[in-house]
Amino acid sequence: MMSGRFDVVIVGGGVMGCSVAYFLASDPAFGGSVAVVERDPTYRAASSALSASSIRQQFSTPANIALSQFGLSFLKAATEKLSVDGDPVDLGLREPGYLYLATEAGADILRQNHAVQKACGVDVALMSPAELSARFPWLSVEGLVSGSLGLSGEGWFDGYSLMQGFRRKAKALGVTFVTADVIGMERSGGRIEAVLLGNGDRLACGTAVNAAGPKARRVAEMAGIPLPVSARKRCVFVFDCKEALPGCPLVIDPSGVWFRPEGAQFICGAPPPADRDPDTDDLTVEHDLFDEMMWPALAARVPAFEAIKVTNAWAGFYEYNDLDQNAVIGPHPEIGNLLFCNGFSGHGLQQAPGVGRGLAELIVHGGYRSLDLSVFGYGRLSENRPLLETNVI
């Protein structure tokens, strides 16, 4: 048995937990000890490994935009920040943009979001159907009123390599990684005294961080705290198309179906119908969602997609904040040494650098320094004060 004490114990070793660990260990003002507890170091079912790993700035909330702007700058500086022994860190970042398409029903939201994004310095353009047709001749604009295209700073990257980069660098900086299940939290009034592991170990802590991804609700319950974060399933399908789609960005159709290039192929996905979107531990791919829901929408939007062939598929967890589809970040109001890092609702990989930095600042300096993340605080949950984000995918 290992009974130790760490200044910070992080529950969950995915991209969020590893980011927090990295930013703590790389802060010159932090001289403490950090342990990251991860139940499965193969990351077989980890969201960090199964995500489509995209990054956008087209949010409706300024704080989300700022998080992704920092995320982009971090991805571009990955070798400088995360290199160990001089090895380059290649995250495969590509920036073809996001293209949000809107019918009359969604045009006002697109316009309102555009105003917020421009005020935050996002390089984005609102386009008419004629402009869309001229730029993307392979796209059917039937039923569309407008489209919002990210001209730079949006695209996709290798999210698994980002997570592994954080992990490797954190280890090199002295962070301890523990392979175990977390089965409990020892709470004394307004403090978490220790994190209890399934192997019998007890890790006493100065601060505990819940970065447990799809298990976040269960970890919060160990401290007697409710957390409205569900583990939803999202299926991603890989398909071949014989025709080239020059300049293809990540396209979000008004139906909710999205697609983007992936090498010589394409990937796509969509939120399932509400009655097929439970809190689940199951990652079985639901192929009928593609046949019945995604393919018809794809073929209607891109005529070349009428003749496509699915070559692969996978399912991953999507940590869904049931209240408002935005992250829960920072301390619990009554348990000041329990910090949340949960419920990113599909934004996690792109926001991991900014959130890790923010929580490290909170722990080391007692407050947010670079970017104020208090808008994502736990208090809004108990007060039922949602921070609404539009155009969630």
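Predicted model only: the values in this text are computed from it and were never measured.
- Contacts of D253 classified as side-chain hydrogen bond (donor to acceptor under 3.5 Å, both in side chains), with partners at least two apart in sequence or in another chain: S255, R301.
- Within the structure, side-chain hydrogen bond (donor to acceptor under 3.5 Å, both in side chains) pairs that include any residue of residues 13-36 comprise D7-S33, D27-H365 (at least two apart or interchain).
- For Y368 and F376, the gap between ring centers reaches or exceeds 6.0 Å.
- Sorted by first and then second residue, the pairs that involve residues 177-190 and meet side-chain hydrogen bond (donor to acceptor under 3.5 Å, both in side chains), not counting sequence neighbours, are E186-R202.
- Annotation: ring-ring contact (aromatic ring centres under 6.0 Å, His included) contacts of F30 (sequence neighbours excluded): none.
- Not a single side-chain hydrogen bond (donor to acceptor under 3.5 Å, both in side chains) links D90 to another residue, sequence neighbours left out.
- For F259, the ring-ring contact (aromatic ring centres under 6.0 Å, His included) partners at least two apart in sequence or on another chain are F305.
- The ring-ring contact (aromatic ring centres under 6.0 Å, His included) test applied to F59 returns H347, not counting sequence neighbours.
- Among residue pairs with one or both ends in residues 208-228, those qualifying as side-chain hydrogen bond (donor to acceptor under 3.5 Å, both in side chains) are N210-N342, R217-S230, R217-D322, R218-D281; sequence neighbours excluded.
- Listed by chain and number, the residues in a side chain to side chain contact (heavy atoms under 4.5 Å, CB included) with P62 are V116, C120 (sequence neighbours excluded).
- With sequence neighbours excluded, the residues satisfying side-chain hydrogen bond (donor to acceptor under 3.5 Å, both in side chains) with Q265 are D240, T311.
- Considering only residues two or more places apart in sequence or on other chains, K76 meets the side-chain hydrogen bond (donor to acceptor under 3.5 Å, both in side chains) condition with E95.
- The side-chain tip of K171 points at the ring of F177 from less than 6.0 angstrom away and within 45° of straight on.
- Side chain of D324 to backbone of L387: a donor-acceptor contact under 3.5 angstrom is found.
- Residue pairs meeting the salt bridge (charged side-chain N to carboxylate O under 4.0 Å, His left out) criterion with at least one member in residues 339-359, sequence neighbours excluded, do not occur.
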